[in-house]
Amino acid sequence: MARELVLGIDAGHTVTKAVLFDAVGRQVARSCTSLPLDTPHPRWVERDMDEVWRTAHRTIRACLAQAGPEAGRAVAAVGLTGHGDGLYAVDAQGRPVRRAIVAMDTRAERVLEEWRGTAVWSRALALSGTVPFAGSPAALLAWLTCHEPDVLRRARWLLFCKDWLRLRLTGAVATDPTDASASFTDMLRGGYSPELCHLYGLSGLAPKLPPVLACDAVSGTVTDEAAGLTGLTVGTPVVTGAHDVDAAALGIGGATPDELCLVAGSFSINQVVSEHPVVDLRWQVRHFIRPGQWMTMSTSPASVANLEWFLRATGAPAEHRDGVHEAIGREVEAHLGGPSEVLFHPFVYGSPHARPTSGTFLGLRAWHRRGHLLRALMEGVVLNHRWHVDALRSKLRISGPARLTGGAAHSEVWSQMFADALRLPVVVTDVEESAARGAALLAATAVGLLDGVTDQRAGAAPLRRHEPDPDRGAVLEEAYQVYREALEALGPVWARLAAK
């Protein structure tokens with residue numbers, strides 16, 4: 001049987017997806033499985049690593065089964081992507097030494113407080129293009145050094161999510177330049193920086209950082225055990241892959257320099273590929289998929305995950321169990337007239353602001369219905385994206401319409417809000433699973449099915465284009481000003497709540 005299909009695996013914070021594509025990135029089959037996050041203590045956000053693997057191999061098997069009994073034999077290569085940052089630590093036998101910590105975890109905030117205002121902060125920005133946040137490897141490893149030193153003594157490799165899945169698929173240890181530049185990579189020269197490791201007081205952990213291979217390199221092949229669990233063929237090449245932010249941009253055709261891409265998923269991701277690094281405390285500069293290019297991304301854990309929290313906290317009605325974005329879009333559309341009466345700060349998991357924040361509804365009245373709260377939530381998510389985009393626009397050239405992917409892109413109402421608030425055209429492509437597609441395009445490139453990740457045969461076609469509405473833009477501009485004023489005014493209140 002000809003091997004003309006590629007499999008993209010996208011291990012997000014809450015959902016793992018396996019998507020089968022043909023050689024030019026057209027979707028053939030798809031399966032996804034939810035994997036809830038655990039919060040065993042305040043500020044902790046973790047997952048069981050063995051359950052991450054079980055979820056992945058079952059999802060792969062279900063995807064291949066959809067495509068037919070011979071699908072595994074038709075897969076030419078497997079591409080990997082997953083949520084960045086966090087920590088997946090394993091011992092010399094490849095077994096977890098503790099539960100995975102994901103990027104939404106904030107236990108290391110005290111570490112950041114100690115680093116801010118010191119040479120650590122300024123030097124880290126200059127060397128790596130970013131300063132740590134609570135869920136970054138540097139902050140988490142510093143926290144573990146103080147609170148769980150035995151975990152680090154037993155650890156042999158300090159991995160990212162997709163790299164844990166590669167280890168289980170192939171037995172090989174590796175990462176790629178996009179994930180490796182989370183904390184310890186030299187921004188200009190590439191490769192791990194001994195000075196950065198020393199700066200964070202983590203020099204002893206440098207030998208535990210995984211080898212870095214190109215995003216489109218074959219980093220291993222499927223083992224007998226993994227083949228039995230997934231339905232893939234023994235020996236199928238597995239490609240290094242990329243951080244899901246980079247893979248998503250590639251998947252929707254947003255890898256052109258100066259083009260704005262928005263990923264509205266668990267995180268608010270606002271990114272521009274550039275050919276020259278520009279550093280700023282408001283964003284991160286990391287190595288992109290292609291050498292000599294950088295991904296500038298302004299991010300926070302404050303996007304569509306707020307909707308998932310809201311529905312879980314309030315109880316999703318039966319009509320929302322399927323087609324959630326369509327159903328909620330109809331509910332919100334019925335309450336879109338007039339000014340924004342209710343304001344929401346989407347900070348239930350964190351924010352881009354150094355000072356303490358939390359999720360907050362303001363302006364509630366007895367006549368407000370659930371639709372008003374949902375409108376406020378959706379607008380609050382969009383306004384947080386606006387904060388990030390304004391930061392990027394202050395120093396970077398941004399051309400053309402913005403490309404939107406992630407959960408919010410499934411909602412026409414929400415997509416239109418982005419166009420109105422940013423005062424930019426917003427394009428949603430026909431790509432259903434952007435990060436998985438990006439990983440698959442890297443896999444197709446690695447085995448010669450494509451001439452490169454930007455091969456014109458694998459372009460993404462526009463599905464919808466949303467033009468800014470001047471009237472709705474004026475409403476959201478006023479809401480944004482109130483949002484910013486409330487952000488400043490609530491600072492002392494949030495600080496007192498965080499101290500309890």
Side-chain angles (χ1 to χ4, degrees), residues 4-10 12 15-32 59 63 66-67 71 75 79 81 241-242 244-256 259-266 269-273 289 303-304 322-330 382 385 399-419 422 424-445 449-468:
E4 296 178 345
L5 301 179
V6 284
L7 181 68
I9 301 169
D10 175 15
V15 178
T16 297
K17 303 166 186 175
V19 189
L20 200 60
F21 298 90
D22 67 14
V24 294
R26 291 187 292 259
Q27 185 171 309
V28 174
R30 170 185 177 271
S31 181
C32 63
T59 306
C63 176
Q66 259 189 55
V75 174
T81 188
D244 60 3
V245 171
D246 303 82
L250 180 61
I252 59 173
T256 303
E259 188 171 23
L260 177 65
C261 282
L262 311 169
V263 185
S266 297
I269 309 289
N270 311 270
Q271 59 192 35
V272 181
V273 175
I289 288 165
S303 193
V304 177
D322 296 304
V324 60
H325 292 292
E326 181 181 350
I328 286 174
R330 289 194 299 269
V382 169
H385 277 269
S399 61
R403 291 178 181 253
L404 176 65
T405 187
H410 296 297
S411 165
E412 293 193 29
V413 171
W414 217 342
S415 300
Q416 183 62 46
M417 283 183 184
F418 276 88
L422 300 179
L424 280 173
V426 167
V427 171
V428 177
T429 69
D430 62 353
V431 176
E432 185 178 359
E433 299 294 352
S434 56
R437 185 174 189 267
L441 294 180
L442 287 166
T445 299
L449 293 176
L450 290 176
D451 293 333
V453 293
T454 56
D455 191 316
Q456 291 187 352
R457 292 174 294 169
L463 178 66
R464 301 192 310 271
R465 182 182 173 105
H466 298 267
E467 297 291 342

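Side chains included, hydrogens not; waters and symmetry mates left out as well; all remaining heavy atoms used.
Taking the side-chain hydrogen bond (donor to acceptor under 3.5 Å, both in side chains) definition, one finds that N270 meets it with S268, H385, sequence neighbours left out. Under the side-chain hydrogen bond (donor to acceptor under 3.5 Å, both in side chains) criterion, S415 pairs with R464, not counting sequence neighbours. Applying the salt bridge (Lys or Arg N to Asp or Glu O under 4.0 Å) test to D22 and every residue at least two apart in sequence or in another chain returns R26. Under the side-chain hydrogen bond (donor to acceptor under 3.5 Å, both in side chains) criterion, D451 pairs with no residue, sequence neighbours left out. Taking the salt bridge (Lys or Arg N to Asp or Glu O under 4.0 Å) definition, one finds that E412 meets it with nothing, sequence neighbours left out. Here V15 pairs with K17, C32, S34 under the side chain to side chain contact (heavy atoms under 4.5 Å, CB included) rule; sequence neighbours left out.
Separation of atoms OG (S434) and CZ (R437) is listed at 9.5 Å; rounding is to 0.5 Å. Note that CG of D455 is 7.5 Å distant from OG1 of T445, once rounded to the nearest 0.5 Å. Here the CG-CG distance, from L404 to L424, works out to 12.0 Å after rounding to the nearest 0.5 Å. A distance of 9.0 Å separates CG in L20 from CD in Q27, rounded to the nearest 0.5 Å.
Between A247 and A439, the shortest heavy-atom contact is CB-N, 4.2 Å. Taking each heavy atom of L441 and A458 in turn, the nearest pair found is CD2-CB, 3.8 Å. Summarising the geometry of F21 relative to V28, their closest heavy-atom pair is C-CG2, 3.9 Å, with the distance given to 0.1 Å. Counting all heavy atoms, side chain and backbone alike, R465 lies closest to P401 at NH1-CG, 3.9 Å. Among all heavy-atom pairs drawn from S303 and G265, the shortest one is CB-O, 3.2 Å. In this structure, T81 and A435 approach most closely via the heavy-atom pair CG2-O, 3.5 Å.
You'll find the side chain of I252 reaches within 4.5 Å of the side chain of C261, heavy atoms only. Between V19 and D10 the shortest side-chain heavy-atom distance does not fall below 4.5 Å. Put simply, the side chain of F418 does not reach to within 4.5 Å of the side chain of H466, judged on heavy atoms. Here the side chains of V453 and L442 are in contact, with some heavy-atom distance below 4.5 Å.
No donor-acceptor pair under 3.5 Å is formed between the side chain of E259 and the backbone N or O of V273. Remark: side-chain polar atoms of R457 are not paired, donor with acceptor, to backbone N or O of V24 under 3.5 angstrom.
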Test log, rule side-chain contact (heavy atoms from CB on, under 4.5 Å), inputs T405 and V431: CA-CA 8 Å; T405 187; V431 176; over 6 Å; no

